[in-house]
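Please read the structure below before turning to the comments.
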Amino acid sequence: MDEKYFPEQIETKWQQRWNEAGVFQAKDDQREKFYCLEMLPYPSGFLHMGHVRNYAIGDALAWFKRLQGFNVLHPIGWDSFGQPAEQAAIKRGVNPREWTENNIVHMRGQLQRLGISYDWTREIAAHRPDYYKWDQWFFLKMLERGLAYKKVSQVNWCPKENTVLSNEQSSGGICWRCSTPVEKRDLEQWFLRITEYAEQLVADMKQIENGWPEKVLKRQSDWVGRSEGAFLDFAVKDSGDSDRKIRVFTTRIDTIYGATAIVLSAEHPLLPELLKDSALKTDVEAFAQKVKNEKAIRTDLAADEEKEGLNTGVLAINPFSGETLPVWVANYVLIEYGTGAVMSVPAHDERDFEFAQKYSLPIRQVIAPVTHDQVRAEPVATIAGDSSAEMKHSFTDYGVLINSGEWGGKPSDVAIAEMTAYAREKGFGEGAVTYRIRDWGVSRQRFWGAPVPVIYCDKCGMVPVPYDQLPVVLPQTADFTGTGESPLAGVPEFVNTTCPNCDGPARRETDTMDTFVDSSWYFFRYLDPRNENAAFDKSMAQYWTPVDQYIGGDSHAVMHLIYTRFWNKFMRDIGMVSFDEPVKRLLTQGMVTNRVEGTDEWKAMSKSLGNGIDPDEMIKAFGADATRMFVLFAAPVENELRWSDTGIEGSVRFLRRVYTLVWRWHERLTYRDAAPDAAEFSDGARALRRKTHQTIAKLTSDIDHLHLNTSVAALMELFNQLMEFNADPATASSADVFAVREALEALVVMLTPFAPHVAEEMWESLGHSGGLLAESPRWPKADPELARREELEIPVQVNGKLRSRVIASPEVSEEDLKASALADEKIRVLIDGHEVVKVIVVPRRLVNIVIKSA
RNA sequence: GCGAAAGUGGCGGAAUUGGCAGACGCGCCAGACUUAGGAUCUGGUACCGCAAGGUGUGGGGGUUCGAGUCCCCCCUUUCGCACCA
């Protein structure tokens, strides 16, 4: 140990030692396991502060569990397929593979300089064939089970350049390069049937609701969009023969007597047939086309535009009331949801209300508000009773049915159940659940991804690549024109192949997979990263998974985190894992922001805003330990973290002061006397020991709950108390030395999750040269007896205001506490001459004396 | 527009879940040591007031012996959704 704290020296020294000893390698042993996982990074080339925060949080937990004796798995890898590599190829002519590999080398170095305790022997990278082979394997398994399929779907198409555009490239409905209006074009694309699992994705949330942030589950549940209601068939009234029906979906069957129209989406498949005999055929078709065109243009525009519609002249019959209703086409009915047709109930739906007002459709109230109490009576006043034309708003709450034939007088919930059953009985409807989630489109017309393992043969049609021919390896390079068509299509050696079925000439699929496929199951590969015969061994999964703690940004709240749940359920169904949910606890950490120069705005660090902070520079200037500790101390993990240069200096200052204190004591502490008798401890020493054990108790619980900022604060408090104790190593009694050793050792061990390098250094110099902190369970145990306060300062209030304090022992009886409060001099002055109405005594907490004011 | 969450010193944030508001750190002020200090150390630091004392957790009301914490209304900010029938 040097006299002065030189972070750089200490950090390289311990990084080397850890590496040589292989202490972070997870072993397959019998201990209780802890799987600590951080979202794997995209190898963009540079670590940013968001990464540092993510990994510092995970590492604190990993260290904590390791020091507690758990068998900890803490791995890292690279989400290395994806656009930026291909962009670099297009712009600068670099090979995506080289670009990616170089970035990995650089970022790995950065992570190592940060000293994150990863098991590097398990490192994986999505772009390597030994990894994406298993993407392809899973794809084929899904294909076998009918969960992967091909269907025509719309893509953005620039008619001038003849290319496919991504949503981003066609923002605003025009081509990003030539400003030509974008068309929607139909293209065959691969999909994974996530909708098959929609119900489970919602239902299984119960299993994780205690470990996942509520807001993430909320977003996922919105994303799945489960909605209970009913399908209802409205018979089309036409000249005679046919028994055509229009099926609608509704969640409010109880409002059906208020339906005054049926409204179809412009893309409704039945529309052409319905219009066959209509006099308005041409007009309606023109209108429908116009709506379709408008929809094609608005890709990401807000959808609160004017509602427009047109009466088709067709009539339909309300199956409950027998009433005849006009059938309209309108722009506000979505083909993607439900059945693409709705019954329009203006009185009880905002959109229908707006539409009805514009086109003077009748508005008929059929639900009356329930008046629970007087205060809630208000809605009645705003809605007319029988003359519904007076309604100024739609009334969308549940209530009691009126004007609804035999159902009148029934509450909504009862009516919904009964009417649904009735519809089913009579054969014109049934209860139904719809979901908003749609199947996962995984086709990408890109080079830098896992090729979809499928072959097309003129004779045999679509043929899956046989399992023993996996992986389908990406060619070394391709022609990166940036046209939006799959670059693989331009590589004949790749495309041309033979049919596995008939040996005839055949072509390979040239689409690659969405990178979210790679990240859906990667953390299972860490368990068994070199396995050549399976994605992972089942027994490994049995031991290590589910993940105990997953940490990452909340930008992945829906996409990645819902795909990975889906993937797990699929793996369960094919017998690879035995549980429903892959992640027990999830933390979505807050963003790291910095002031944008010249403004008052705090925004996520980025190159383009020029407000980035380079982790390497911080490590150089302050050390990895201080950088990590600051990031953990500055804010609660889930909050936004505003960068502060002076804040990080505070962290170095703290580490340096601890270091200096250890330096002062280390020679005295390396030899141990026998433990002194309890009676030998001075008041100060007992207070120090109390603080030590209180701090141990606090950290043991705080770190587990990832309250890392308060953990660091508690360590600072313990340190402050050590300074206050102010013993001199040269003259201290052996009891004092004992107390200091206990406090200092606890402080050093508990500092490890936040500043592991300097902690190891100090641990060694305190006489533990035999073994690394990293190697054995050294987390201290709190002794509740020592942590207990010997005396309490009990606040005394008069009428709820703090007036005095009395000293009492923790065991004091309520009676005695009351008596000493009433006897207190300051209190006596205040209550003198007043009637004491009541005295509230909260044991160990406070006394409140209620008096009548004179 | 709809929905959710959150508002505590100059700043980041504590507060055992209804019981001493402001832990810890940053910043700031004063002092010490220094040729010097943007190093280090010591002390101070919610607001008003010389003080006694009073006020104080976005604003207003309420429940309670007692409210940052619970309830109602309002304001502001942030996030999510965007015609989901």
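These numbers were taken from a predicted model, which means no experiment stands behind them.
- Side-chain nitrogen and oxygen atoms of A:Ser227 include at least one within less than 4.0 Å of the OP1 or OP2 phosphate oxygen of B:A85.
- One finds no side-chain N or O of A:Arg845 lying less than 4.0 angstrom from the OP1 or OP2 phosphate oxygen of B:G18.
- Contact check, A:Lys801 against B:U55: a side-chain N or O comes under 4.0 Å of OP1 or OP2.
- Neither OP1 nor OP2 of B:C24 sits under 4.0 Å from any side-chain N or O of A:Asn709.
- Within the nucleic acid shown, A:Glu640 comes within 4.0 Å of sugar-phosphate atoms alone, with no base atom in reach, counting heavy atoms only.
- Between A:Phe428 and A:Phe320, the two ring planes are perpendicular [angle over 60°; tilted spans 30° to 60°].
- Side-chain N/O atoms of A:Lys215 and base N/O atoms of B:C79 include no donor-acceptor pair closer than 3.5 Å.
- Between A:Arg844 and the phosphate of B:G19, there is no side-chain N or O to OP1/OP2 separation shorter than 4.0 Å.
- Between the side chain of A:Arg656 and the base of B:U40, no donor-acceptor pair of N or O atoms lies under 3.5 Å.
- Here A:Asn639 lies in heavy-atom contact (under 4.0 Å) with sugar-phosphate atoms only.
- Residue contacts for A:Asn848: at a heavy-atom cut-off of 4.0 Å it reaches a base atom on one of the strands shown.
- Comparing B:G25 with B:C73, their P atoms sit 41 Å apart, to the nearest whole Å.
- With C1' as the reference atom, B:C47 and B:G10 are 13 Å apart, rounded to whole Å.
- At the heavy-atom level, A:Val842 lies under 4.0 Å from base atoms of the strands shown.
- Here A:Arg438 lies out of heavy-atom contact (under 4.0 Å) with every strand.
- Looking at which nucleotide of RNA chain B each of A:Leu802 and A:Ile840 is closest to, the 5′-most match is held by A:Leu802.
- No cation-pi contact links A:Lys307 to A:Phe355, judged by a cut-off of 6.0 Å to the six-membered ring centre and 45° from its axis.
- Residues A:Glu350 and A:Val712 each lie close to RNA chain B; by heavy-atom proximity, the contact nearer the 5' end of the strand is made by A:Glu350.
- Residue-level contact check: A:Val333 touches the bases, meaning some heavy atom is under 4.0 Å from a base atom.
- The aromatic rings of A:Phe249 and A:Phe231 sit perpendicular to each other, their planes meeting at more than 60°, with 30° as the lower class boundary.
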